[in-house]
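First up is the structure itself, then whatever we jot down about it.
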Amino acid sequence: IPGYGDSPSAKMVVTAQGRRTFLDHVLQELGMQRPVLVSPSMSGRFSLPFLLAQGDRLAGFVPIAPVGTKDYTAEQYQRVQTPTLIVYGDRDTRLAPQALQNLKHLPEHRVAVLPGAGHACYLDKPEEFHQALLGFLRQLK
């Protein structure tokens, strides 16, 4: 999401349902069938409502210390069967632990910790991030 959370507001994306619908429209417009959704940081406000409502439409989910994980219960996460790779940098001591605490309730999850990386771990350690991502993608059906 451009603007690090400071993008101009749009009425459609004020609610979780609106953000889910927005993401649904994006995927439809792009003609994507069962994509893998990679969701860093602020994009969690869009990806999590979509995952919880329509996770079966995704081949996989890759949250990277997303925001908004505390907005849902362990029971809601436990109903999601989407294969998930939880990624974070071990130097992200604020958001990553909270996201992991909540996302670990997803039954089909694995975790990739990038040593020496901060919140934007894919920028800090791009080679390690891509290795983890490609390994996950290879194992999807």
Side-chain angles (χ1 to χ4, degrees), residues 1-74 76-141:
I1 306 301
Y4 302 95
D6 294 325
S7 299
S9 62
K11 285 184 183 175
M12 179 181 201
V13 298
V14 170
T15 65
Q17 182 176 346
R19 291 187 295 273
R20 183 184 80 216
T21 301
F22 174 80
L23 186 52
D24 180 48
H25 289 317
V26 169
L27 297 179
Q28 284 182 29
E29 285 296 314
L30 294 174
M32 301 187 93
Q33 306 269 327
R34 295 193 37 81
V36 173
L37 185 58
V38 179
S39 179
S41 196
M42 291 297 289
S43 68
R45 294 269 183 230
F46 289 78
S47 65
L48 292 170
F50 187 88
L51 175 74
L52 293 171
Q54 300 179 59
D56 58 332
R57 291 188 46 208
L58 299 173
F61 180 56
V62 183
I64 308 164
V67 302
T69 60
K70 67 184 182 313
D71 296 344
Y72 305 98
T73 66
Q76 286 175 292
Y77 287 118
Q78 288 164 355
R79 289 194 288 265
V80 176
Q81 296 301 311
T82 308
T84 300
L85 176 65
I86 301 167
V87 181
Y88 67 94
D90 69 353
R91 291 192 179 165
D92 182 358
T93 56
R94 258 188 65 210
L95 196 52
Q98 180 185 81
L100 179 62
Q101 181 70 25
N102 294 302
L103 294 172
K104 71 180 182 184
H105 296 291
L106 292 165
E108 299 295 322
H109 83 272
R110 294 191 248 164
V111 178
V113 182
L114 304 186
H119 182 62
C121 61
Y122 44 88
L123 296 177
D124 293 344
K125 298 287 183 173
E127 190 169 320
E128 293 86 341
F129 170 75
H130 287 106
Q131 286 175 353
L133 179 61
L134 290 172
F136 174 69
L137 294 175
R138 283 187 198 105
Q139 293 194 333
L140 294 176
K141 296 174 183 139

Verdict with reasoning, Val36 to Leu85, per side-chain contact (heavy atoms from CB on, under 4.5 Å): CA-CA 10 Å; Val36 173; Leu85 176 65; over 6 Å; no
Candidate pair Asp71 and Leu48, rule side-chain contact (heavy atoms from CB on, under 4.5 Å), full reasoning: CA-CA 9 Å; Asp71 296 344; Leu48 292 170; over 6 Å; no
Might you work through the side-chain contact (heavy atoms from CB on, under 4.5 Å) test for Leu51 and Thr82, ending with a clear yes or no? CA-CA 8 Å; Leu51 175 74; Thr82 308; 3.8 Å; yes
Please evaluate residues Val80 and Phe61 with respect to the criterion side-chain contact (heavy atoms from CB on, under 4.5 Å), reporting the C-alpha separation (whole Å), side-chain torsions for both, the decisive distance (0.1 Å), and the verdict. CA-CA 11 Å; Val80 176; Phe61 180 56; over 6 Å; no
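With contacts defined as side-chain heavy-atom distances shorter than 4.5 Å, the pair Cys121/Asp92 does not qualify. The shortest side-chain heavy-atom distance between Met42 and Val67 falls under the 4.5 Å cut-off. At least one side-chain heavy atom of Leu58 sits under 4.5 Å from a side-chain heavy atom of Pro35.
Not a single donor-acceptor pair under 3.5 Å links the side chain of Arg20 to the backbone N or O of Pro49. A donor-acceptor contact shorter than 3.5 Å links the side chain of Asp90 to the backbone of Gly116. Of the possible donor and acceptor atoms, none in the side chain of Glu29 sits under 3.5 Å from a partner among the backbone N and O of Val26. Without hydrogens or angle criteria, Arg34 side chain to Asp56 main chain gives a donor-acceptor distance under 3.5 Å.
To the nearest 0.5 Å, the span separating CG on Leu123 from CZ on Phe129 amounts to 9.5 Å. Annotation: the span from Leu106 atom CG to Arg79 atom CZ amounts to 12.0 Å, rounded to 0.5 Å. Atom CD1 of Ile86 is separated from atom NE2 of His109 by 4.5 Å, given to the nearest 0.5 angstrom. Atom OG of residue Ser43 and atom CZ of residue Phe50 lie 13.0 Å apart, to the nearest 0.5 angstrom. Distance check, rounded to the nearest 0.5 Å: OG1 of Thr73 to CG of Asn102 gives 9.5 Å. In this structure, CG on Leu133 lies 11.0 Å from CD on Gln131, to the nearest 0.5 angstrom.
Among all heavy-atom pairs drawn from Gly60 and Leu140, the shortest one is CA-CD1, 4.3 Å. The two residues Leu37 and Ser47 make their nearest non-hydrogen contact at CD2-CB, 3.7 Å. Taking every heavy atom of both residues into account, Leu23 and Phe46 meet most closely at CD2-O, 3.8 Å. The shortest non-hydrogen separation linking Ala65 to Ala99 is CA-CB, 4.1 Å. Listed here is the closest heavy atom pair of Gln54 and Arg57: OE1-NH1, 2.6 Å. Taking both residues in full, the closest heavy atoms of Ala117 and Lys125 are given as CB-CG, 3.7 Å, listed atom of the first, atom of the second, then distance.
Classification of the His105-Tyr77 ring pair by plane angle, with boundaries at 30° and 60°, yields parallel.
Around the CZ atom of Arg91, the shell of radius 6.0 Å holds no more than 12 heavy atoms that belong to other residues, nucleotides or ligands. Counting heavy atoms of neighbouring residues, nucleotides and ligands inside a 6.0 Å radius, atom CD of Gln33 does not exceed 12 of them.
Looking only at atom types and distance, the side chain of Asp24 has a donor-acceptor partner in the side chain of Gln28 under 3.5 Å away.
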